[in-house]
Asks: 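The structure is given below, and queries will be raised subsequently.
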Amino acid sequence: MYSFNLISFAQTLRWLIAVNYRTMLQWTTGIALIFFVVELYILKMAHDPEELLNSSFGFGIFVMVTAFAFLASYVTSFINEKRRRMAFLALPATNSEKYLSLITYTSVIFLCAVFLALVAGDSLRMLFCWIKHLYDAPLPDHGIDSWYTSTLTQFFRLDDYRSVRHSERFDNWFVTMQYILFLSFISWTHSLYTLGGTVIRKYSFVIVTVLFISCLMIFAKIESEYGFDFFETEFVRDPGPLPIGHIASKEIGVVPYILNVLLPLLTVFNYWASYRTFKGFQVINHKWINL
């Protein structure tokens, strides 16, 4: 049994990038143009820069989340073609190195390309605003420079926490449990789409999305039926004109503890099943599945 070799992994990843760079470039260019056009539409409808930035930021988050799931379900589509699959399987690398290179390419390299596409589209919008203000009708005066602000600045906004005092904003264990649950959910989602993309050859994103939404609907139905408690906070406003208050109490229900154990176990199982399926890849597989 061969151990994992970082050099072989890097060479396999470089092969994937070299073979599929045109596809990645086309997708990157298309997403950049789409984001630019959407931001122009938002610019036309927005009344002030705050609305423009918030709407553009929301659309950008939607694109990133969709790309995150879509690329995970697209993990083996880059080698579905017979010639590429033969070349990929013949590479001098172990199954683990090949499998991790696919995961890294789709979920890291390609996802970074999507993010750069959003940056490019947003930069085109800022350039358009500058040219429009310079040569055409001026933009509404809400602080002219703010119309040229990048949407990415919304990542660093902390306005949502203004209504809570800094000293009472965070409770270590309460927030830690929220972060752990969020990361567990993201990991499980990625593993589920990766498993679907490994097993299913066609329409994996659609099929897994239907399954994913069905799981969420079943869970929401059970939760509403039995009234499970997640994270309960009681917020009390202080007297006065300002929307300032304090959190009177915080409680963590039993469900987050269960999910923080169950979701990682399901995540490990999904990745294990995906890897086992990948190890059984042949040059010619079934039309719809890779089993």
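Starting from 1, each residue takes its place in the sequence as its number.
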Asks: So, taking the atom named OH in Tyr271 and the one named OG1 in Thr194, what distance separates them when rounded to the nearest 0.5 Å?
Replies: 5.0 Å
Asks: Compile the donor-acceptor pairs under 3.5 Å between side chains in residues 107-117 and protein atoms, sequence neighbours left out, one pair per line.
Replies:
{"residue": "Ser107", "atom": "OG", "partner": "Ile103", "partner atom": "O", "Å": "3.4"}
{"residue": "Ser107", "atom": "OG", "partner": "His190", "partner atom": "NE2", "Å": "2.6"}

Asks: Any non-hydrogen side-chain atom of Ser214 less than 4.5 Å from a side-chain atom of Val210?
Replies: yes
Asks: So for atom OH, which belongs to Tyr41, do other residues, nucleotides or ligands contribute more than 12 heavy atoms lying within a distance under 6.0 Å?
Replies: no
Asks: Answer yes or no: is there a side-chain heavy-atom contact under 4.5 Å between Phe9 and Thr94?
Replies: no
Asks: Assess whether atom CZ of Arg84 is packed by more than 12 heavy atoms of other residues, nucleotides or ligands within 6.0 Å.
Replies: yes
Asks: Fit a plane to each ring of Phe88 and Phe278, take the angle between them on a 0 to 90° scale, and name the class: parallel (under 30°), tilted (30 to 60°) or perpendicular (over 60°).
Replies: perpendicular
Asks: Does the side-chain contact (heavy atoms from CB on, under 4.5 Å) test come out yes or no for Phe35 and Phe59, once each step is laid out?
Replies: CA-CA 8 Å; Phe35 192 60; Phe59 181 72; 3.4 Å; yes
Asks: Given the rule that I, L, V, M, F, W and Y join up when any side-chain heavy atoms are under 4.5 Å apart, are Leu33 and Val38 in one cluster?
Replies: no
Asks: How long is the span from the CG atom in Asn20 to the CG atom in Leu16, to the nearest 0.5 Å?
Replies: 6.0 Å
Asks: With a 3.5 Å distance limit and no angle check, can you tell me whether Lys98 reaches the backbone of Thr12 through a side-chain donor-acceptor pair?
Replies: no
Asks: Would the distance check show the side chain of Ser56 and the main-chain N or O of Glu39 forming a donor-acceptor pair, the cut-off being under 3.5 Å?
Replies: no
Asks: Do Leu71 and Trp27 have side chains that get closer than 4.5 Å, going by heavy atoms?
Replies: no
Asks: How far does CG of Leu127 sit from OG of Ser123, to the nearest 0.5 angstrom?
Replies: 9.0 Å
Asks: Linking Ile, Leu, Val, Met, Phe, Trp and Tyr by side-chain heavy atoms under 4.5 Å, what else ends up with Leu265?
Replies: Val261
Asks: Could you state whether Val119 and Val37 fall into the same hydrophobic cluster, counting links through intermediate Ile, Leu, Val, Met, Phe, Trp or Tyr residues with side-chain heavy atoms under 4.5 angstrom apart?
Replies: no
Asks: Considering non-hydrogen atoms only, spot the tightest contact between Leu216 and Phe185 and give its length.
Replies: CD2-CE1, 4.0 Å
Asks: Show the nearest heavy-atom pair for residues Met45 and Glu51, with the distance to one decimal.
Replies: O-OE2, 4.1 Å
Asks: What is the distance from atom CZ of Phe57 to atom CG of Asp122, rounded to the nearest 0.5 Å?
Replies: 11.5 Å
Asks: Check for a donor-acceptor pair, side chain of Thr76 on one end and backbone N or O of Gly197 on the other, with a separation under 3.5 Å.
Replies: yes
Asks: Would you mind listing the cluster partners of Phe269? Hydrophobic ones only (ILVMFWY), side-chain contacts under 4.5 Å, chaining allowed.
Replies: Trp272
Asks: As a quick check of understanding, evaluate side-chain contact (heavy atoms from CB on, under 4.5 Å) for Arg125 and Leu52, giving each step before the final call.
Replies: CA-CA 11 Å; Arg125 188 266 305 168; Leu52 169 65; 3.9 Å; yes
Asks: Could you check Ser184 against Ile180 for side-chain contact (heavy atoms from CB on, under 4.5 Å), going step by step and ending with a plain yes or no?
Replies: CA-CA 6 Å; Ser184 298; Ile180 293 176; 4.0 Å; yes
Asks: Looking only at non-hydrogen atoms, find the nearest pair between Ser204 and Gly196 and report the distance.
Replies: CB-O, 3.7 Å
Asks: Could you measure the distance from the CG atom of Leu181 to the OG1 atom of Thr176? Nearest 0.5 Å is fine.
Replies: 12.5 Å
Asks: One pair to check against side-chain contact (heavy atoms from CB on, under 4.5 Å): Lys279 and Arg276. What are the steps and the verdict?
Replies: CA-CA 5 Å; Lys279 287 177 64 177; Arg276 295 289 296 182; 3.8 Å; yes
Asks: Is it the case that Tyr99 and Ser274 place a side-chain donor and acceptor less than 3.5 Å from each other?
Replies: yes
Asks: Determine the minimum heavy-atom distance between Ser101 and Leu13, stating which atoms define it.
Replies: O-CD1, 3.6 Å
Asks: Count the heavy atoms belonging to other residues, nucleotides or ligands that lie under 6.0 Å from CD1 of Ile7, then report whether that count exceeds 12.
Replies: no
Asks: Could you state whether Leu183 and Tyr193 fall into the same hydrophobic cluster, counting links through intermediate Ile, Leu, Val, Met, Phe, Trp or Tyr residues with side-chain heavy atoms under 4.5 angstrom apart?
Replies: yes
Asks: Using every non-hydrogen atom in the two residues, find where Ser55 and Ile42 come nearest and quote the distance to one decimal.
Replies: CB-CG2, 3.6 Å
Asks: Do the two ring centres, one from Phe212 and one from Trp188, sit under 6.0 Å apart?
Replies: yes
Asks: I'd like to know if Ile186 and Leu266 are part of one continuous hydrophobic network [Ile/Leu/Val/Met/Phe/Trp/Tyr, side-chain heavy atoms within less than 4.5 Å].
Replies: yes
Asks: Within the supplied structure, the quantity of interest is the number of heavy atoms (other residues, nucleotides, ligands) at a distance under 6.0 Å from Trp15 CH2; does it exceed 12?
Replies: yes
Asks: Roughly how far apart are Glu97 CD and Thr104 OG1, rounded to 0.5 Å?
Replies: 11.5 Å
Asks: What heavy-atom pair brings Tyr275 and Ser96 nearest, and what distance separates the two atoms?
Replies: OH-N, 3.4 Å
